[in-house]
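As the structure is a prediction and not an experimental result, all values here were calculated from the model. Numbering of ligands and ligand atoms starts at 1, following listing order. One is the number of the first residue; the rest follow in order along the sequence.
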Amino acid sequence: MTTPTTFAELGLPAQLLTNLTKIGYEAPSAIQAASIPLLLEGNDLLGTAQTGTGKTAAFALPTLAQVDPNSTETQVLVLAPTRELAIQVAEAFQTYSEGMRGFHVLPIYGGQPMGGQLRGLRRGCQVVVGTPGRVMDHLRRGTLKLDALKAVVLDEADEMLRMGFIDDVTWILEHAPEQRQVALFSATMPKPIRRLAEQYLNNPKEIAIEAQSSVVDKIEQAFWMVQGTNKLDALTRILEVEEFDGLIMFVRTKNATIEMAQKLEARGYQARAINGDMTQKLREQTIGELKEGHLDILVATDVAARGIDVPRITHVINYDIPIDPEAYVHRIGRTGRAGRTGKAILFVAPRERRLLRAIENVTKGRIPQMEIPTRDEVSAKRVQDFKQQIAEALQHPKLEFFTKMVSEYVEETETELLELAGALACMGQKDKLLLTDEKPERAPRSFAGDSDWHKEQRQPRQPRVHDDSGMGFYRISVGYQHQVRPGDIVGALVNEADIEKSSIGRIQLFDDFSVVQMPVGMPDNLLSHLKQIKIRGQAIAVEPIDERDVPEQKRKPKGDRPFKPRGDKPRSDKPRGERSYGDKPRSDRPRSDRPKPGPGANAKKGSKRRSNADAAGGQSAPRRRTYD
Ligand code: ADP
Ligand code: MG
């Protein structure tokens, strides 16, 4: 995200340059290098760049350069779509302005008591960062005055539009002095925003930073087609194998955030829900906890997570695919912050393929398909983590004490050293097995595999009587053409032919026929009985077929390696397609990559999972929260 230019070359004052060095920004990002000189010259500006490209500094630095700290009048007004963003932007101004005597920045937003805001406004602050509604309030009351305003910044303009603030923004612009600079920043440039820019910006300079050079490229993306395993099981395996630091997971509803966070806590993760129902204070607190490493996983809705900037987020999991493809870009922009890389995993149910294509259109690239880790890989990861723990224990300051004690034990009992080590490992692991249980993988659950997790609670898991190898393929003479859905087929087989639901495997629909997996060797009389069934009014014929006769492109890709991009279609936009996802040994990664766990974080490296004992008692016990 950096360009060869330096901040000094952009014409920023010395005080700001010193601060940037202190903060550790080495070079301006593309949007910063382009915007800062233009804004310093007093131009209006229309800037488009993906999230995570450093837009805040792109407007904060040049506007700060114009602020006169000796006057307490409001000179810069930033409008932001959410409280979180207003706070974040205000914090950024605070950081960049270190040492500017007499300088004050104030965030103002709805849901916060007026008292503090009024005091802040009365005291005077050169920069006000606010949500449109609250800014309007203060302008109407006369508690915020714009007479001395030099610049207005519209941050995340597309989001303000989406949240219905466009009229408020217009109203505010109408009430700002004629002679002011306007900078509009947005991740995308929808028509209404362009119109607003045409009306209120004065000969704006336009900067568009291509998405390719920004966040999307720094994020390894992959999708998993929900199949065979339910989403929660798949998630659990991914969490075990992926080496993540902070992780944010997106679900569709507020209830799902809470339920999912509880499920994860029950599985030993430090997880918490964040949604629009929570009080502002609780949301801020929760994000703070993630920042400091007291929490590792946030389960969020789109609205609640908008704009969260926590550098330690290494992974974004789209547990529920977003309906709005733009939201996907915003979601994955929560990782890959501050020049780091990130990973984004997307769960796609077969009937959500359309949404996947829409996302690929927006991100302008194919997202590679991945497979979930196999049980063996999960076991291997546990073993690897365990060995890592041994290596770490060997460096522990108390090692000497324990070694002495153990050597006494060996003398007294003449135990073999290797056996003794095994016994100690046993003690250390207690009942947590390193190897996953040997249950066969469940047979594909056909289209039911995308069961959201409510469904899963309703239907206790049924043990499968067979595994993949006992399944054969049967051709049924109805398909898309007949407006048949997989549910119709399951219904007919279960209700009419007395076939157990648990023995129906994957169902694939084709144009004028379908292929159903059922146990091999279905007796003839059963097959002929099936012929009397109608599906959607259509009499059907059922016949066993050879696996090789199942049309190729619809078949689940073979090979068990996780995150392997599907190689079935050559891609022209190669880099992303070629990337093989996650199959490099983890130990290759330099350790310094990984930020240290903060206080309260798991001391163990590798697995993020806290032991179940921890999860059951004390601070991380599953709990139901109520939000007001
Ligand atoms: P955007 O508004 O485009 O989504 P932000 O302004 O929130 O992006 O910046 C994303 C992250 O990048 C922040 O953590 C910010 O501190 C960091 N950042 C911004 N500019 C630079 C820079 N020049 N060098 C390093 N990090 C930067
Ligand atoms: Mg921003």
Side-chain angles (χ1 to χ4, degrees), residues 1-10 12 16-17 19-37 39 45-64 78-98 107 129 131 153-160 162-163 183-189 207-211 213-219 245-246 248 287 290-291 305-314 316 326-327 329-342 595:
M1 91 189 235
T2 55
T3 64
T5 341
T6 62
F7 279 111
E9 287 169 70
L10 301 179
L12 290 167
L16 291 180
L17 294 176
N19 290 348
L20 290 173
T21 312
K22 246 192 254 165
I23 299 164
Y25 290 4
E26 285 167 357
S29 69
I31 185 86
Q32 291 162 1
S35 324
I36 292 172
L39 288 174
L45 184 86
L46 194 57
T48 353
Q50 287 298 320
T51 53
T53 49
K55 290 192 286 296
T56 317
F59 61 77
L61 295 170
T63 48
L64 269 174
V78 182
L79 297 178
T82 65
R83 299 178 277 200
E84 281 80 11
L85 279 171
I87 292 168
Q88 253 176 44
V89 169
E91 278 171 1
F93 270 97
Q94 195 70 58
T95 313
Y96 302 144
S97 66
E98 269 290 313
V129 187
T131 52
V153 179
L154 311 181
D155 190 20
E156 309 240 15
D158 53 348
E159 185 62 9
M160 292 203 280
R162 212 154 46 151
M163 294 179 69
L184 187 157
F185 285 91
S186 200
T188 57
M189 195 54 63
I207 298 170
I209 305 294
E210 283 299 310
S213 62
S214 70
V215 66
V216 174
D217 267 9
K218 292 184 306 181
I219 299 171
D245 190 12
I248 186 159
I287 295 170
L290 180 72
K291 237 178 218 167
R306 190 66 215 269
I308 290 180
D309 179 22
V310 177
R312 69 179 275 265
I313 297 177
T314 54
V316 170
E326 296 280 349
V329 179
H330 291 302
R331 285 180 174 192
I332 70 171
R334 297 312 107 222
T335 183
R337 310 296 289 179
R340 300 175 207 217
T341 54

Inset, instruction - Can you see which heavy atom on Gln32 is nearest to which on Ala27, and at what distance? - result: OE1-O, 4.5 Å
Legend entry - Residue part near ligand 1, for Ala58, under 4.0 Å between non-hydrogen atoms: neither
Legend entry - Check: Gly54 N/O within less than 3.5 Å of ligand 1 N/O: yes
Inset, instruction - Verify side-chain contact (heavy atoms from CB on, under 4.5 Å) between Tyr96 and Asn19, making sure each step is shown before the conclusion. - result: CA-CA 6 Å; Tyr96 302 144; Asn19 290 348; 5.7 Å; no
Inset, instruction - Just let me know how Thr53 lines up against ligand 1, side chain, backbone, both or neither, with a heavy-atom cut-off below 4.0 Å. - result: both
Inset, instruction - Give a yes/no on ligand 1: does Phe7 have at least one heavy atom closer than 4.0 angstrom to it? - result: yes
Inset, instruction - Determine, stepwise, if the pair Thr63 / Val78 fulfils side-chain contact (heavy atoms from CB on, under 4.5 Å). - result: CA-CA 10 Å; Thr63 48; Val78 182; over 6 Å; no
Inset, instruction - Assign the ring pair Phe59 / Phe93 to parallel, tilted or perpendicular, where the plane angle (0 to 90°) is split at 30° and 60°. - result: tilted
Inset, instruction - Answer with yes or no whether the side chains of Gln50 and Thr53 bring together a donor and an acceptor at under 3.5 Å. - result: no
Inset, instruction - Given side-chain contact (heavy atoms from CB on, under 4.5 Å), test Met163 with Thr82 step by step and report yes or no. - result: CA-CA 9 Å; Met163 294 179 69; Thr82 65; 4.0 Å; yes
Inset, instruction - For Thr56, take its heavy atoms, then give the atoms of ligand 1 lying under 4.0 Å from any of them. - result: 2 (O), 5 (P), 6 (O), 7 (O)
Legend entry - Minimum side-chain heavy-atom gap Thr56-Gln88 below 4.5 Å: no
Inset, instruction - May I ask whether Gln50 places a heavy atom under 4.0 Å from ligand 1? - result: yes
Legend entry - ligand 1 atoms in contact with Ala27 (distance to a heavy atom under 4.0 Å): 22 (C), 23 (N), 24 (N)
Inset, instruction - Look only at interatomic distance and state if Glu156 has a nitrogen or oxygen under 3.5 Å from any nitrogen or oxygen of ligand 1. - result: no
Legend entry - Contact check: Ala57 vs ligand 1, nitrogen or oxygen atoms, below 3.5 angstrom: no
Legend entry - Ala187 near ligand 1 by a heavy-atom separation under 4.0 Å: no
Legend entry - Between Asp158 and Ser186, a side-chain donor and acceptor under 3.5 Å: yes
Inset, instruction - Examine Lys55 against ligand 1 and note whether any of their N/O atoms are separated by less than 3.5 Å. - result: yes
